[in-house]
Protein chains: 2
Amino acid sequence: MKRTQSHQKADTPSVGTVSGSDQSRPQWRPQRRSLKSFQAEFDFSLEAICTRMLERHRDTIRTQKPQVAVAKLMRIIQTTLTLANRKGFHSMSLRDLAAESGLSMGALYTYFDTKDTLLMMILGEVSSAVSEALGSPPGHLADDPAKRLHWLLETHVYLTEVMQPWFVFAYMEAKAFPKEGREKATRSELSTEKMIADALADGTDRGLFSIANVELTASLIKPLLQDWYVKRSKYRRRGISPEQYVQAVSEFVGTAIQSRSVPKAPRRRRSDQRSEIAAAEPF
Amino acid sequence: MKRTQSHQKADTPSVGTVSGSDQSRPQWRPQRRSLKSFQAEFDFSLEAICTRMLERHRDTIRTQKPQVAVAKLMRIIQTTLTLANRKGFHSMSLRDLAAESGLSMGALYTYFDTKDTLLMMILGEVSSAVSEALGSPPGHLADDPAKRLHWLLETHVYLTEVMQPWFVFAYMEAKAFPKEGREKATRSELSTEKMIADALADGTDRGLFSIANVELTASLIKPLLQDWYVKRSKYRRRGISPEQYVQAVSEFVGTAIQSRSVPKAPRRRRSDQRSEIAAAEPF
DNA sequence: ATTAAAAAAGCGAACGCTCGCTCAGTTTTT
DNA sequence: AAAAACTGAGCGAGCGTTCGCTTTTTTAAT
């Protein structure tokens with residue numbers, strides 16, 4: 001798994017390998033996808049999403065020419081995400097939206113029949129993006145829980161990086177969804193957590209991870225992934241790249257769950273061991 | 001409203017997170033506060049908060065008799081938190097609030113002059129609760145970063161447990177704050193992160209923790225604390241008590257950051273931990 | 001190429017409603 | 001009877017939504 005690290009010396013004791021077999025295969029390199037390679041794999045550009053959006057709502061969108069429709073949709077959606085993320089979807093009036101996007105009130109209603117419909121259209125793209133990106137992990141990861149977990153973290157970060165405003169929107173407006181949408185959001189969220197929990201459980205069964213409560217641990221990983229898009233500006237301010245964040249979360253999680261069944265360092269006693277706990281030990 | 005050093009009170013840790021051996025252990029073990037002991041130390045009941053609120057806004061609240069004012073304030077605030085957390089503060093109309101709280105429109109305006117003022121009053125109590133509870137960690141933790149970190153996690157979880165609707169409110173409505181409030185929220189949030197970072201840096205300096213990037217690690221811990229109140233219902237559904245959550249986060253974080261070059265006291269066997277957690281599940 | 005009819009796209013004033021907020025009047029407390 | 005507390009209809013503003021109308025584009029006959 002991501003224990004071996006490209007730009008650090010190989011014998012760093014700080015990270016124990018997970019299993020003996022890994023140790024005996026020094027040439028193995030984890031395949032790390034970069035943000036770029038993720039973008040090469042999936043097209044989650046505004047234009048691509050709006051194209052899918054148009055297809056999905058051809059019956060309700062009254063504009064005939066696809067080109068025109070997609071172009072307008074892009075303006076509408078872009079503006080909606082900006083305004084809604086700034087002051088909330090409810091506080092964004094359709095007059096705001098019209099003025100900012102350069103369309104008229106009437107024109108807006110060519111694309112949706114209700115403000116709530118607009119909200120649901122956006123949510124729909126978010127949730128379908130999640131299933132597309134996370135839905136089918138590469139088959140060769142099936143037998144490696146650690147890699148699969150890493151792949152999940154990585155893919156989630158990259159996806160939410162590429163569609164950040166969409167995810168913030170879905171996250172913040174979730175409670176205002178017209179029930180159907182709220183359930184959709186809940187379902188989607190739980191399914192992600194389930195994938196994480198499955199990888200954790202699998203790894204625990206194989207003795208790779210040491211996890212007391214798989215479900216609870218999965219619950220702790222989820223907010224780490226959400227923080228990337230919810231607090232995106234904080235990380236931008238600090239100059240953390242998506243790749244770095246993946247690395248940090250991966251290390252953080254990996255160290256926390258790694259199996260300690262194989263001792264890695266001889267335990268030397270020191271005198272002042274009142275400080276033994278570190279937060280690490282169960283108190 | 002000062003600290004009462006009554007940690008040693010023999011109230012049973014009702015939740016049963018603690019293994020039986022704990023009670024027989026001498027006091028070198030870190031003192032774990034229970035939620036109950038936290039509540040004994042600070043009074044963050046609705047009534048107490050509304051009393052402070054009244055004092056802070058005596059000039060703008062037109063009701064004369066404190067008793068009456070506090071009682072009404074409690075109804076107003078309680079209802080506001082409920083409605084706002086259900087559908088958002090902006091979507092909650094003052095007519096909703098009046099009807100649900102049993103007051104008239106006019107009566108509401110005895111307590112605030114603007115809907116935004118109501119929002120700011122609530123935010124004010126949240127941020128002052130944060131500084132009261134987290135502002136001055138017990139002095140005897142100054143020399144022990146691990147304990148101090150644990151204390152921070154613990155106190156944060158207990159505080160947000162006791163004031164959960166308040167924190168959800170502040171968290172969700174933050175972006176709609178009238179700038180002054182938004183800055184206040186940001187400042188408060190950053191200061192919490194700073195406290196965590198300080199403990200981490202301290203521990204790293206002393207060789208207790210092994211942390212590549214202290215700031216980034218602190219950034220990863222924060223969302224773990226926020227998840228407790230933002231997704232409170234998820235944890236309730238799964239029967240996780242505040243004490244258990246503290247335990248889980250503490251373990252998770254502790255393992256992730258612990259220095260592996262520094263010897264630790266003998267750890268309990270894995271199976272012990274596992275059964276401890278399992279036994280801790282209330283249902 | 002010109003042009004006229006038809007179709008599509010675009011527009012924004014107007015409608016009914018709900019909002020935050022006020023205040024003249026009523027009820028309750030002192 | 002004075003003071004305090006309380007009331008809810010009413011105000012203007014702004015909301016989501018509609019629709020008769022104008023403008024632009026397409027089509028097709030000349």
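Labels below follow one simple rule: chain letters A, B, ... track the order of the sequence lines, proteins then strands, and each chain is numbered from 1. The model shown is predicted, which means the values in this text are computed figures rather than measured ones.
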Can you tell me the distance, in whole Å, between the [atom1] atom of [X] and the [atom2] atom of [N]?
X	N	atom1	atom2	answer
B/Leu73	D/dC6	CG	P	12 Å
A/Lys65	D/dT24	NZ	P	15 Å
A/Lys87	D/dG14	NZ	C1'	12 Å
B/Leu119	C/dC21	CG	P	12 Å
B/Leu108	D/dA5	CG	P	16 Å
A/Asp116	D/dG16	CG	P	11 Å
B/Lys72	D/dA5	NZ	C1'	7 Å
A/Tyr109	C/dC15	OH	P	17 Å

Presence of salt bridge, A/Glu161 and A/Arg236, under 4.0 angstrom: no
Test item: side-chain donor near acceptor, [X] and [Y], under 3.5 Å:
X	Y	result
A/Ser91	A/Arg86	no
B/Asp227	B/Tyr235	yes
A/Arg232	A/Thr160	no

Close residues, residues 88-105 of chain A, relative to DNA chain C [heavy-atom separation under 4.0 Å]: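 Output list: A/Arg95, A/Ser104, A/Met105.
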Nucleotide nearest A/Thr114 when distance is taken to its side chain, options D/dA4, D/dT17, D/dC6: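 Among the listed nucleotides, the one closest to the side chain of A/Thr114 is D/dT17.
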Check: B/Lys184 main-chain N/O paired with B/Ser188 side-chain donor or acceptor under 3.5 Å: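 Looks like no, no N/O pair under 3.5 Å.
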Which residue lies more 5' along DNA chain D, comparing A/Lys115 with B/Ala107 via nearest heavy atoms: B/Ala107
Near-ring test A/Phe252/B/Phe252, centroid separation under 6.0 angstrom: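 Yes.
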Interatomic distance, B/Leu224 atom CG to B/His156 atom NE2 [nearest 0.5 angstrom]: 11.0 Å
Touch class at under 4.0 angstrom, heavy-atom based, for B/Thr110 against every strand present: nothing
